[in-house]
Amino acid sequence: MDDRIRMTLDEARPLVEDVLSRHGLGAAHVDAVADIIMAGERDGGGSHGIYRLLLCVDTIKAGKVSPDAEPSVQDVAPALVRVDARGGFAPLAFRKARPLLVEKAKRCGIAALGINHCFHFAALWPEVEALARDGLAAFAFTPSHAWVAPFGGRRPLFGTNPLAFGWPRPGRDPFVFDFATSAVARGEIELHRRAGKPIPLGWGVDPCGEPTTDPAEALAGAMLPFGGHKGSALAAMIELIAGPLIGDMTSMESLAYDDGANAAPYGGELVIAIDPAGFLGTAAAEHLARAEQVFEGIVSQGARLPSLRRYEARRRSQREGVHVDRALLDEIYGLLNAEGTSP
Ligand code: NDP
Ligand code: PYC
């Protein structure tokens, strides 16, 4: 028996929306959250697709997130935007603030957005991809919960702290990458635990600080940063620039605020957008064309561009639908009705 079920995107989205609505999430949030979950599923992003619905529902059930929060966008300086998510999920706050961020970046050449007081469960690439499609180079950063030991340490301090980058490519899909500064996202270790699969050495240590291949032990102990001291320093940077710099929580503070509820991380996100025309004026097109040589240099040696797999998965999903793990789908139908019947 195939342990996956094929669904078209048009079949999957109403299911996601239904689950969120039935758990009391307001309509505007349902739409924004469903957009980002479906984008993850469509692009083959296992840990941040439909699987994330479980964390969203847990966060709602824990009474942590404000289900009807109306984000408030504030124009704080010529090149700065803040949006107070008011305890809601992050995607609606970004959606509301994005037009002003883009307008400011195009006016000033560079602009930054601080998202405050949001519950963050999502991948960051949809945000930097959208900004790159607006013609901007973009960065996004967010802390999470303290799950990751610093390089040389054994106790959790940092979040899995993703960083994402988008670059506009005229006439082509933007260049985008997005990854955790831990060896892998926590969601990926959870998926290994659910599937009963070991994790590679280097992803985490057990509660005694010893290397482990057991996902449950790594989740109970500490995850490790990618790239040794380099990933560890980037994780520290993200704690600072998407925490105290914008007046929001570090991953330690987020985990303390969670207080055992197992809800999504609570805190802030920093997004920076740069308009190439700010530095270059009318010469921007010429320099963006020159930038293409970097991508050509990568692919000409048989290496692949980050985001290529995702764009291919997107086109395949739009054509053929997605394949959702049967056990996950059963769990999701269980959230819809007491019987937990699957299709
Ligand atoms: P990965 O380690 O899988 O890295 C993903 C990135 O690396 C993608 O941009 C991917 O491109 C690229 N990539 C992977 N393999 C290659 C390759 N062989 N050649 C070139 N590029 C490659 O992801 P993570 O587990 O670190 O993170 C997954 C997601 O989790 C991210 O989207 C992140 O935002 C999210 N996350 C969110 C958190 C939050 O607090 N909100 C916390 C932590 C993670 P491609 O997509 O094309 O494969
Ligand atoms: O997978 O590490 C993760 C994560 C944290 C918050 C959202 N995703």
Side-chain angles (χ1 to χ4, degrees), residues 33 36-37 39-49 51-56 58-59 89-91 93-94 115 118-129 132 139-148 156 158-167 173-193 199-200 202-204 215 218-219 222-227 231 234-235 238-239 242-243 248-251 254-255 258 262-271 295 298-299 301-316:
V33 168
I36 212 150
I37 285 181
E41 191 65 33
R42 178 201 65 198
D43 284 14
S47 63
H48 287 74
Y51 172 64
R52 279 289 114 176
L53 208 43
L54 303 182
L55 179 61
C56 289
D58 285 347
T59 306
F89 284 125
F94 176 77
I115 304 177
C118 65
F119 283 87
H120 217 304
F121 64 86
L124 297 183
W125 63 260
E127 298 176 354
V128 295
E129 183 184 329
F139 306 80
F141 315 89
T142 186
S144 59
H145 282 326
W147 290 316
V148 182
F158 300 140
T160 44
N161 298 8
L163 81 86
F165 174 70
W167 176 266
D173 287 323
F175 171 78
V176 171
F177 67 76
D178 172 21
F179 47 72
T181 47
S182 43
V184 72
R186 190 168 182 86
E188 195 58 46
I189 301 188
E190 290 166 4
L191 289 179
H192 277 71
R193 181 185 55 187
I199 55 170
W203 283 14
L219 292 170
M223 297 170 66
L224 294 173
F226 87 90
L234 287 174
I238 293 166
E239 292 292 330
D248 223 311
M249 293 209 193
T250 62
S251 298
S254 171
L255 192 62
D258 187 71
N262 293 322
Y266 181 57
E269 179 182 340
L270 176 69
V271 183
F295 304 126
I298 296 172
V299 296
Q301 32 186 306
R304 82 155 165 93
L305 295 183
S307 66
L308 185 74
R309 177 209 57 79
R310 213 160 39 67
Y311 292 133
E312 284 175 359
R314 184 178 303 181
R315 285 186 271 278
R316 196 169 49 248

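No experiment lies behind these values; they were computed from the predicted model shown. Indexing begins at 1, ligand by ligand and atom by atom, following the structure's order.
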Item checked: pair P225-T181: side-chain heavy atoms closer than 4.5 Å -> no
Check: Nearest heavy-atom pair of T160 and V184: which atoms, and what distance?
Finding: CG2-O, 4.5 Å
Notebook entry, point to check: What distance separates F158 CZ from I238 CD1, expressed to the nearest 0.5 Å?
Noted result: 10.0 Å
Check: What do you reckon, does E188 have a nitrogen or oxygen under 3.5 Å from a nitrogen or oxygen of ligand 1?
Finding: no
Item checked: Smallest separation among heavy atoms of G44 and R309, with atom names -> O-NH1, 3.6 Å
Note to self: Quick test: of every protein heavy atom, which one is nearest to atom 1 (O) of ligand 2, and how far off is it to 0.1 Å?
What the structure shows: G187 N, 2.9 Å
Check: Does the N or O separation between T142 and ligand 1 drop below 3.5 Å for any pair?
Finding: no
Check: How close does the nearest protein non-hydrogen atom get to atom 3 (C) of ligand 2, and which residue and atom is it?
Finding: R186 N, 3.5 Å
Notebook entry, point to check: Which atoms of ligand 1 are found less than 4.0 Å from any heavy atom of V184?
Noted result: 25 (O)
Notebook entry, point to check: Does V299 offer a backbone N or O that forms a donor-acceptor pair with the side chain of R304 under 3.5 Å?
Noted result: no
Margin query: Check whether N161 reaches the backbone of A180 with its side chain - one donor and one acceptor, N or O, closer than 3.5 Å.
Written below: no
Check: Are any of the N or O atoms of H48 closer than 3.5 Å to those of ligand 2?
Finding: yes
Checklist line | Heavy-atom closest pair, residues F121 and L55 | finding: CB-CD2, 3.9 Å
Next item on the list: Can you see which heavy atom on T142 is nearest to which on P162, and at what distance?
Entry: O-CD, 3.2 Å
Notebook entry, point to check: Which residue supplies the protein heavy atom nearest to atom 27 (O) of ligand 1, what is that atom called, and how far is it?
Noted result: A180 N, 3.7 Å
Next item on the list: Give the contacting part of H145 toward ligand 2: side chain, backbone, both or neither, where contact means a heavy-atom distance below 4.0 Å.
Entry: neither
Notebook entry, point to check: What protein heavy atom sits nearest atom 37 (C) of ligand 1, and how far off is it?
Noted result: A122 O, 3.4 Å
Checklist line | Minimum-distance protein heavy atom relative to atom 25 (O) of ligand 1 | finding: A185 N, 3.0 Å
Margin query: Looking at atom 3 (O) of ligand 1, tell me if a protein heavy atom falls under 4.0 Å from it.
Written below: no
Notebook entry, point to check: Any donor and acceptor pair, going by atom type alone, linking the side chain of S254 with main-chain N or O of M249 inside 3.5 Å?
Noted result: no
Notebook entry, point to check: Would you call the rings of F175 and F177 parallel, tilted or perpendicular if under 30° counts as parallel and over 60° as perpendicular?
Noted result: perpendicular
Next item on the list: Might you point out which heavy atoms bring I115 and A93 nearest each other, and give the distance in Å?
Entry: CG2-CB, 3.9 Å
Margin query: Between Y311 (side chain only) and P174 (backbone N and O only), is there a donor and an acceptor less than 3.5 Å apart?
Written below: yes
Note to self: Could you tell me, atom by atom, which parts of ligand 2 come under 4.0 Å of a heavy atom of F121?
What the structure shows: 7 (C)
Margin query: When you measure from the side chain of H48 to the backbone of A39, do you find a donor-acceptor pair of N or O atoms at a distance under 3.5 Å?
Written below: no
Notebook entry, point to check: Is the closest heavy atom of S307 to ligand 1 under 4.0 Å?
Noted result: yes
Margin query: Looking only at protein heavy atoms, which one is nearest to atom 29 (C) of ligand 1, and what is the separation?
Written below: H48 ND1, 3.8 Å
Notebook entry, point to check: Which residue owns the protein heavy atom closest to atom 5 (C) of ligand 2, what's the atom, and how far is it?
Noted result: W147 CZ3, 3.7 Å
Notebook entry, point to check: Which option, L55, T160, N161, owns the non-hydrogen atom nearest atom 43 (C) of ligand 1?
Noted result: T160
Check: Considering only heavy atoms of S144, which atoms of ligand 1 have at least one such atom less than 4.0 Å away?
Finding: 40 (O)
Notebook entry, point to check: Under 3.5 Å between some N or O of ligand 1 and some N or O of S182?
Noted result: no
Item checked: NZ/NE/NH1/NH2 to OD/OE distance under 4.0 Å, R310 and D178 -> no
Margin query: Could you check whether R314 pairs with E129 (Lys NZ or Arg NE/NH1/NH2 to Asp/Glu carboxylate O, under 4.0 Å)?
Written below: yes
Next item on the list: Please indicate whether any nitrogen or oxygen in F177 is less than 3.5 Å from any nitrogen or oxygen in ligand 1.
Entry: no
Item checked: Closest protein heavy atom to atom 2 (O) of ligand 2, given as residue, atom name and distance to 0.1 Å -> T160 OG1, 2.8 Å
Note to self: If you measure every N or O of L124 against every N or O of ligand 1, does any of those distances drop under 3.5 Å?
What the structure shows: yes
Notebook entry, point to check: How far is atom 23 (O) of ligand 1 from its nearest protein heavy atom, and which residue and atom is that?
Noted result: F179 CB, 4.0 Å
Checklist line | Taking atom 16 (C) of ligand 1 as the reference point, the nearest protein heavy atom with its distance | finding: R304 NH2, 3.2 Å
Check: Where the closest heavy atom to atom 34 (O) of ligand 1 is concerned, which of L305, D178, I238, V176 has it?
Finding: D178
Next item on the list: May I ask you to list the atoms of ligand 1 that are less than 4.0 angstrom from any heavy atom of L308?
Entry: 47 (O)
Notebook entry, point to check: Of the backbone atoms (N, CA, C, O) and the side-chain heavy atoms from C-beta on, which set of D43 has a member under 4.0 Å from an atom of ligand 1: side chain, backbone, both, or neither?
Noted result: neither
Next item on the list: Distance to 0.1 Å, residue and atom name: give those for the protein heavy atom nearest to atom 46 (O) of ligand 1.
Entry: R309 NH2, 2.9 Å
Next item on the list: Would you confirm whether E239, through its side chain, and P143, through its main-chain N or O, come within 3.5 Å as a donor-acceptor pair?
Entry: no
Notebook entry, point to check: What protein heavy atom sits nearest atom 7 (C) of ligand 2, and how far off is it?
Noted result: R52 NH1, 3.3 Å
Notebook entry, point to check: Does atom 10 (C) of ligand 1 have a protein heavy-atom neighbour under 4.0 Å away?
Noted result: no
Note to self: Rounded to the nearest 0.5 Å, what separates atom CH2 in W203 from atom OG in S182?
What the structure shows: 10.0 Å
Check: For atom 38 (C) of ligand 1, which protein heavy atom lies nearest, and how many Å away is it?
Finding: P162 CG, 3.4 Å
